[in-house]
Structures are given as structure tokens and as C-alpha cells.
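Proteins get letters first, then strands, A, B, ... in listed order; numbering begins at 1 in each.
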Amino acid sequence: MPIRPRTDTAELLQADVELQPLPREFYARSALVVARALIGKCLVRGHPSGDQRVWPITETEGYIGAHDLACHGRFGETPRTAVMFGPAGQWYVYFIYGMYWMLNVVTNTPGVPAAELIRAAGPANVPGKLTKQLGITRVENGLPVEPASRLWIADAGVRVPRRELVRTPRIGVDYAGEWKDKLYRFVWTKA
DNA sequence: GCAGTGATCATA
DNA sequence: ATGATCACTGCC
């Protein structure tokens with residue numbers, strides 16, 4: 001049976017829940033710890049009007065450093081990957097296949113190219129649709145993950161039971177040798 | 001299973 | 001300048 005990310009957000013969030021930004025230290029940890037911890041946190045997209053969309057994160061993938069042969073940082077720092085080598089808590093957004101923007105959060109410490117790909121949140125169950133629906137492009141690349149960027153991550157107090165969390169290999173990294181089979185993808189499944 | 005799409009990077 | 005590659009998606 002295929003693994004389906006959980007997308008029924010209405011039952012998860014109280015209307016008056018208080019959204020707290022995560023401290024910088026949250027991101028300054030190893031990529032896998034952060035990838036797991038992001039499940040159940042909320043992606044928040046603000047608009048100038050004051051409206052905001054709050055989408056629980058349901059699927060992430062960790063890319064852990066230059067030695068990870070699936071990681072963009074494996075060839076060293078380039079113009080595209082520079083953000084990954086910088087401090088934690090910034091967005092890394094890149095364009096792929098001529099069509100899609102991918103949203104990642106930089107983690108770990110400066111010099112270690114590590115990040116989480118946010119693959120699904122709220123009603124968006126694939127990474128390309130997530131960025132399209134939220135209007136995320138290269139504009140967000142390098143911005144800090146905080147409310148002032150109008151794209152940030154909040155703790156809404158949602159707890160994810162262990163039995164609803166599944167780990168699998170990462171998607172689309174068959175070229176990565178032994179690293180393609182590492183269980184670095186985290187999915188919040190429906191109960 | 002695979003076409004479509006264009007930035008990125010290495011090579012020259 | 002050129003060509004291979006690509007952390008994808010939707011439709012066959």
C-alpha cells in the first residue's frame with residue numbers, strides 16, 4: 001500500500017492556536033534530527049494583506065552533508081548551492097526540470113551543506129505543487145526562516161504519534177550509490 | 001513508462 | 001558554446 005501523506009489539516013489546528021517561530025538553534029542541528037522534528041510543524045505563508053496560510057508539514061527529506069552522495073553540496077560550493085553552506089535557518093530554493101521550485105531549509109553549521117527538502121504540507125502532497133500553490137520562487141532563496149520573510153515555520157503544538165511516522169528512502173536519488181537507500185525521508189501517514 | 005522544460009555546471 | 005544532468009509531475 002502506498003504511503004500517503006496526511007493532509008487533513010482542519011482537524012489538526014485550533015482556530016485560535018498561537019503560532020510560535022522556531023528559534024535559530026532548532027535548525028542548527030543535524031539534518032536528520034531537524035527533518036524528523038519538522039513533521040507536524042507548520043509552514044506559514046503570509047501575505048501583505050495580513051492573511052496567512054498555515055500548512056502542517058507532512059513530508060521531509062534530509063540531505064546531510066558533502067559526503068552524502070545525494071546532496072547538492074557533494075561537489076562543493078557553487079553559486080546555486082552557496083546558501084546550503086551558510087548558517088542554518090535560511091531557505092534554500094532551487095529550480096529543477098525546467099518547471100519546478102523546490103523548498104528546503106538549511107540546517108547544521110556553516111560549512112556543512114545540509115538541508116531539508118519540504119516535500120508536502122497541508123493540501124499540497126508533492127514538492128512542486130507546494131511551491132506553486134504558495135507562490136515560492138527564487139525570491140525566497142537565502143531569506144531567513146522568520147515571519148518578516150512572509151515564509152516561515154511555526155510550532156503550533158501539534159504532536160505526531162510515532163505510529164503515524166514512516167521513514168523511507170529519498171525520492172529521485174537513484175544515482176547516489178549506497179546513499180539512495182538511506183531512510184532519510186520522513187512521512188506523516190494517516191492514522 | 002515517459003515527455004516536457006530550462007537552469008546549472010563542467011568542459012573547451 | 002555545447003551537452004549531460006536533474007532532490008519533478010501528470011498523463012499514457
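The hydrophobic cluster analysis finds A/V112 isolated: no Ile, Leu, Val, Met, Phe, Trp or Tyr side chain comes under 4.5 Å of it, directly or through other members. Applying the under-4.5 Å side-chain rule to Ile, Leu, Val, Met, Phe, Trp and Tyr, the cluster around A/V33 consists of that residue alone.
Side-chain contact check for A/E164 and A/W188: at least one donor-acceptor pair (N or O, by modelled atom type) lies under 3.5 Å.
One finds a side-chain N or O of A/R138 lying less than 4.0 angstrom from the OP1 or OP2 phosphate oxygen of B/dT8.
The side-chain tip of A/R74 does not point at the ring of A/Y63 from less than 6.0 angstrom away and within 45° of straight on.
To the nearest 0.5 Å, atom CD1 of residue A/I64 and atom NZ of residue A/K182 are 7.5 Å apart. The CD1 atom of A/I39 sits 9.5 Å away from the CD atom of A/E116 when rounded to the nearest 0.5 Å.
Residues satisfying the side-chain hydrogen bond (donor to acceptor under 3.5 Å, both in side chains) test with A/T131, not counting sequence neighbours, are none. Shown here are the ring pair (Phe, Tyr, Trp, His ring centres under 6.0 Å) partners of A/W179, two or more places apart in sequence or in another chain: A/H67. Every residue two or more places apart in sequence or in another chain was checked for a side-chain hydrogen bond (donor to acceptor under 3.5 Å, both in side chains) with A/T137, and none qualifies. Residues passing the side-chain hydrogen bond (donor to acceptor under 3.5 Å, both in side chains) test with A/D155: none are found, sequence neighbours excluded.
A nucleotide of DNA chain C counts as in contact with chain A when one of its atoms lies under 4.0 Å from a heavy atom; the first and last such, 5' to 3', are C/dC6 to C/dG10.
Taken residue by residue, residues 86-111 of chain A places heavy atoms nearer than 4.0 Å to DNA chain C at A/Y94, A/I96, A/Y97, A/Y100, A/M102, A/N104.
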* To do: Would you write the dot-bracket representation of DNA chain C, where each base gets (, ), [, ], | or . depending on whether it forms a Watson-Crick or G-U pair under 3.5 Å and with which partner?
  => ||||||.||||.
I'd like a list of close polar pairs between nucleotides 9-12 of chain B and the protein, N/O only, cut-off under 3.5 Å.
{"residue": "B/dC9", "atom": "OP1", "partner": "A/T78", "partner atom": "OG1", "Å": "2.3"}
{"residue": "B/dC9", "atom": "OP1", "partner": "A/R80", "partner atom": "N", "Å": "3.3"}

Distance-only donor-acceptor pairs under 3.5 Å for side chains of residues 89-100 of chain A, two or more places apart:
{"residue": "A/W91", "atom": "NE1", "partner": "A/L151", "partner atom": "O", "Å": "2.9"}
{"residue": "A/Y92", "atom": "OH", "partner": "A/H72", "partner atom": "ND1", "Å": "2.7"}

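Legend: side chain to side chain donor-acceptor pair (under 3.5 Å) pairs involving residues 26-48 of chain A, not counting sequence neighbours, sorted by first then second residue: A/R45-A/E140, A/H47-A/R53.
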